[in-house]
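To start, the structure itself, in structure tokens.
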Number of protein chains: 2
Amino acid sequence: MHLFWEHGYEATSLAMLREAMGLTPPQIYNAFTDKETLFRKALMRYHQTEIGFALEALSAPVPTREAIRRLLLGAAEAYSRPGKPGGCLFVSGALATSPQAQAVADELKTYRKASEAAIADRLANGKAVGDLPENLSVEGFAKYLAGVMNGMSIQARDGASVEELRVLAQTALAALPAEGQNQTASSKE
Amino acid sequence: MHLFWEHGYEATSLAMLREAMGLTPPQIYNAFTDKETLFRKALMRYHQTEIGFALEALSAPVPTREAIRRLLLGAAEAYSRPGKPGGCLFVSGALATSPQAQAVADELKTYRKASEAAIADRLANGKAVGDLPENLSVEGFAKYLAGVMNGMSIQARDGASVEELRVLAQTALAALPAEGQNQTASSKE
DNA sequence: TAGGTTTCGTATCGATCACTATGGATAAAT
DNA sequence: ATTTATCCATAGTGATCGATACGAAACCTA
């Protein structure tokens with residue numbers, strides 16, 4: 001998982017995986033069928049072990065603004081954990097691929113879309129409860145937040161520290177409309 | 001350039017380049033030395049032909065907020081041009097690579113850092129002119145804006161339309177402190 | 001027109017890719 | 001103890017990678 005996270009799907013060779021796992025090629029293929037299946041298992045493991053902060057943040061019984069704050073600050077921490085590759089596996093795992101690996105790229109895109117949809121669901125809930133203005137575009141704001149998190153993933157990969165990512169997250173939070181207030185996400189211009 | 005933009009450095013094979021350029025392998029190597037040099041030439045061409053909006057926006061004689069607005073909206077348009085690969089070559093060209101292509105990955109990171117530095121310079125100028133609050137962190141805000149643009153690049157790659165990217169850009173602009181106002185980029189929490 | 005030079009495409013180089021067949025070592029059974 | 005069966009690492013499969021050696025064709029000069 002760490003190798004795929006660091007080098008992406010295609011650039012991670014079986015020789016690297018073999019050495020890291022201490023297994024012979026037949027053992028790997030006996031256990032994981034093929035490289036693509038192994039990658040998908042790594043994705044599932046990543047989803048379960050590394051980004052629990054997202055589900056926690058979005059499902060916590062707190063006001064919407066606080067949920068989003070936890071989401072972004074959780075990302076800041078998860079994307080810069082010491083001893084782990086920087087950024088998010090769903091972003092760096094297969095952003096640009098050869099035509100042969102299109103299926104893997106699509107799989108990751110699906111994960112990213114699911115994250116955005118989860119954010120949108122939480123925003124819609126917050127709107128229903130009155131945490132967010134009536135005229136706020138749930139989809140547009142979810143796309144902004146997902147985009148910010150993806151951007152944090154790139155910044156983390158470029159060496160941003162956890163403190164720098166936290167500042168970025170706090171800055172992004174300033175775009176959130178204050179509760180009860182009625183304003184569009186953007187000023188008209 | 002389009003092939004590297006779409007598939008990234010490593011996943012773009014010489015066979016694809018050969019077919020796209022209509023050249024024989026010796027012609028390619030005679031003209032560009034090797035694949036890495038060809039990629040660097042593509043980077044320079046991309047810088048000159050595709051992202052002029054950034055330099056224009058940052059050097060235009062307009063208030064800082066307007067400059068940033070032009071920067072983000074220019075990115076929205078540049079990252080979703082019809083007939084062009086989505087996103088930014090500097091992001092998708094080599095985000096995760098094999099150890100052999102580390103030099104290329106570092107080169108792209110340098111481009112991204114330069115973009116962030118250019119934004120920081122413009123912000124520092126705006127602060128000096130009084131467009132921005134005294135206590136605003138130039139580096140922190142530049143990292144936010146660069147991160148948002150990187151995030152827009154991912155969203156564009158996932159199929160976001162130019163309108164959706166514009167909404168994202170407008171949303172991101174809401175994090176900009178209003179002129180003359182004195183506030184930190186983030187509320188304290 | 002003949003000779004010498006230069007250009008240029010084909011065919012191939014060694015290396016590495018994901019992946020697997022096979023031979024030897026070990027364990028189980030008679 | 002001897003045979004049978006099962007496992008498993010080594011060695012190698014065809015394919016493709018980036019890069020190039022070599023022979024043929026074209027061109028300029030004499």
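Just so it is clear, the structure is predicted and the values come from calculations on it, not from any experiment. Values reported hereafter were calculated over all heavy atoms of this structure, with side chains retained and with hydrogens, waters and symmetry mates removed. Order of the sequence lines sets the chain letters (A, B, ...), proteins ahead of strands, with each chain counted from 1.
Looking at residues two or more places apart in sequence or on another chain, you find no salt bridge (charged side-chain N to carboxylate O under 4.0 Å, His left out) involving Glu139(A). With sequence neighbours left out, the ring pair (Phe, Tyr, Trp, His ring centres under 6.0 Å) criterion links Phe90(A) to Tyr46(A), Tyr111(A).
Taking a heavy-atom distance under 4.0 Å as the criterion, the stretch of DNA chain D touched by chain A extends 5' to 3' from dA9(D) to dT10(D). Mapping heavy-atom proximity under 4.0 Å, the span of DNA chain C touched by chain B runs 5' to 3' from dG9(C) to dT10(C).
Rounded to the nearest 0.5 angstrom, Glu10(A) CD and Thr12(A) OG1 are separated by 10.0 Å.
Proximity of a side-chain donor or acceptor of Lys127(B) to a complementary backbone N or O of Pro133(B) within less than 3.5 Å is not detected. In terms of modelled atom types and a separation under 3.5 Å, the side chain of Ser153(B) and the main chain of Cys88(B) share a donor-acceptor contact. With Lys143(A) contributing its side chain and Leu168(B) its backbone, the two residues share no donor-acceptor pair below 3.5 Å.
Thr12(A) comes within 4.0 angstrom of the backbone, heavy atoms only, and of no base.
Heavy-atom distances to DNA chain D give each of Pro26(B) and Lys35(B) a nearest nucleotide, and the one nearer the 5′ end belongs to Lys35(B). Checking Thr33(A) against Met16(A), the closest nucleotide of DNA chain C that is more toward the 5' end is the one next to Met16(A). Between Asp34(A) and Thr24(B), the one whose closest nucleotide on DNA chain C sits nearer the 5' end is Thr24(B).
Taking the ring centre of Phe4(A) as origin, the terminal cationic atom of Lys35(A) falls outside the region bounded by 6.0 Å and 45° from the ring axis.
Here Ile154(A) is tied into one hydrophobic group with Val91(A), Leu95(A), Val91(B), Leu95(B), Ile154(B), each link being a pair of ILVMFWY side chains closer than 4.5 Å.
Overall, the helix from dT1(C)-dA30(D) to dT30(C)-dA1(D) carries an axis bend of 30° between its ends, with five pairs at each end and the value rounded to 10°.
Side chains of Leu14(B) and Tyr29(B) form a contact here, defined as non-hydrogen atoms less than 4.5 Å apart.
No donor-acceptor contact under 3.5 angstrom links the side chains of Arg18(A) and Thr24(A), judged on distance only.
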